[in-house]
Amino acid sequence: MSFPFLGRLTNYSLTKRRAPCSYLFVDQQTNGRRSSKDQYHEHPRHHARPAAGISERSAGPQHDHRRAGADSGAWQVLVKVTAAGVNIADLSQARGTFRGGPQPPYLAGFEATGEVVALGEGVTNIGLGAEVIGVGYGAFAEYMVLAAAAAMPIPSGWTGEQALGLPVNLPTAVAVLKPLGQLAAGQTVLIHAAAGATGQAAVKIAKHYGAVVIGTASREKHEVVRSLGADHVLDSRSDDLATQVLALTGGEGADLVIESVGGDTFGASLAATRRVTGRVVVTGLPAGMASLSNWDLVYEHQVQIIGFNMGKLIQVAPRIFGDVMSELFTLIGAGVLTPVQPTIYELADGPRALAILEGRASIGKLALRA
């Protein structure tokens, strides 16, 4: 897999270990060409490291708690993974473009749901057998260690698989629309990748807030986006996206643009934004990097640019993050966000799922079943 805009190649292979436990890991990062799923291959590799510091307060002899594949200890829980979310960040981590990301070889994946089967010292807020979801290290595996504070309960009426996206996609949609994007009723929002997991949630939330929604997606996904309530759906591969948005907004442009694509789309997003008061919230760059100079902002695109990174939001603005999560569960309680079943692949098909995500052929959330 590769980011075509990089000067250096970024290729990686995922390996599925078959015994004593199964997991996928990234074992190389090289640079260059775009690769197909055939360049992901399976071969025997390292044994999982035993987990240290996990209490043997087990749910029975059928659980071998020392197969976690990651060190763990106080204030942590061991989760028997039932399913793991597949995210764009998994691609950028494997390519080496995720700032501060892991270095190979490392266990892939970071979002998982499953059953708590062991508790670290000091853990009192979660019991054995609890079904949780969270973000941590090495989610593409049969077992995963989570910080106890990061293990969220599954919402009532949702399955674990349906809850995938709860730690990443759904709060992203809330954050970029409200505290960062300041979307108000009657305003127009342009949502790129509207058929994806984050995009679908953003369309639903924006309509709930009373906004006019313009979504972009490839043509075969347009009906999906319309079914979510989008007022207009544009072809994401069109060369004149900005012209079409301006036509739909009386020449004014969108009040808010959720820019999750990058590459050439970034320039189109700037051109499609209302001058002076319009906001562009940048959430990712799967299509490549794009440059923007101070000259551009003064003379070409007089818009407000806001960068979004979930980890940084949690780190430096925990109060805002708390507001985001509170609003998220309010939306769930109000029925704005309802359970959605992801497209499930077996763990051994992880390379295929990632290739589909990279090729923009996916709709909604993708997941791996452990």
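These numbers come from a predicted model, not from an experiment.
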Between Arg275 and Glu300, is there a side-chain N and carboxylate O pair less than 4.0 Å apart?
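No salt bridge links Arg275 with Glu300.
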Please determine whether a side-chain nitrogen of the Lys or Arg among Glu252 and Arg274 lies less than 4.0 Å from a carboxylate oxygen of the Asp or Glu.
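A salt bridge is present here (some side-chain N lies under 4.0 Å from a carboxylate O).
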Between [X] and [Y], which heavy-atom pair has the shortest distance, and what is it?
| X | Y | result |
| --- | --- | --- |
| Ala173 | Ala202 | CB-N, 3.8 Å |
| Ala353 | Tyr345 | CB-CD1, 3.7 Å |
| Val203 | Ala230 | CG1-N, 3.9 Å |
| Ala139 | Ala112 | CB-CB, 3.8 Å |
| Ala83 | Leu164 | CB-CD1, 3.8 Å |
| Ala163 | Ile133 | O-CD1, 3.0 Å |

Do Ile363 and Leu357 share a hydrophobic cluster, counting only Ile, Leu, Val, Met, Phe, Trp and Tyr and linking them when any side-chain heavy atoms are less than 4.5 Å apart?
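As far as the 4.5 Å side-chain criterion goes, Leu357 and Ile363 are not connected within one cluster.
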No-hydrogen, no-angle side-chain donor-acceptor test under 3.5 Å, [X] and [Y]:
| X | Y | answer |
| --- | --- | --- |
| Glu259 | Thr283 | no |
| Asp323 | Ser326 | no |
| Glu220 | Ser218 | yes |

Please lay out, stage by stage, how Met144 and Lys80 fare under the test side chain to side chain contact (heavy atoms under 4.5 Å, CB included).
CA-CA 7 Å; Met144 177 185 183; Lys80 187 178 189 302; over 6 Å; no
So do the side chains of [X] and [Y] get within less than 4.5 Å of each other, counting heavy atoms only?
| X | Y | result |
| --- | --- | --- |
| Leu337 | Leu328 | yes |
| Thr113 | Ile154 | yes |
| Val117 | Val79 | no |
| Gln341 | Thr159 | yes |
| Leu166 | Ile332 | yes |
| Val212 | Asp255 | no |
| Val189 | Tyr209 | no |
| Asp90 | Phe140 | yes |

From Gln302 atom CD to Thr273 atom OG1, the distance as rounded to the nearest 0.5 Å
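That separation rounds to 11.5 Å.
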Does atom CG of Asp264 have more than 12 heavy-atom neighbours, drawn from other residues, nucleotides or ligands, at distances under 6.0 Å?
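It does not: Asp264 CG has 12 such atoms or fewer within range.
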Pair listing, side-chain hydrogen bond (donor to acceptor under 3.5 Å, both in side chains) test, anchored in residues 180-196, at least two apart:
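Sorted pair list: Gln187-Arg279, His192-Thr216, His192-Ser269.
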Qualifying salt bridge (Lys or Arg N to Asp or Glu O under 4.0 Å) pairs, either residue in residues 189-212, two or more places apart
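Non-adjacent pairs meeting salt bridge (Lys or Arg N to Asp or Glu O under 4.0 Å): Lys207-Asp231.
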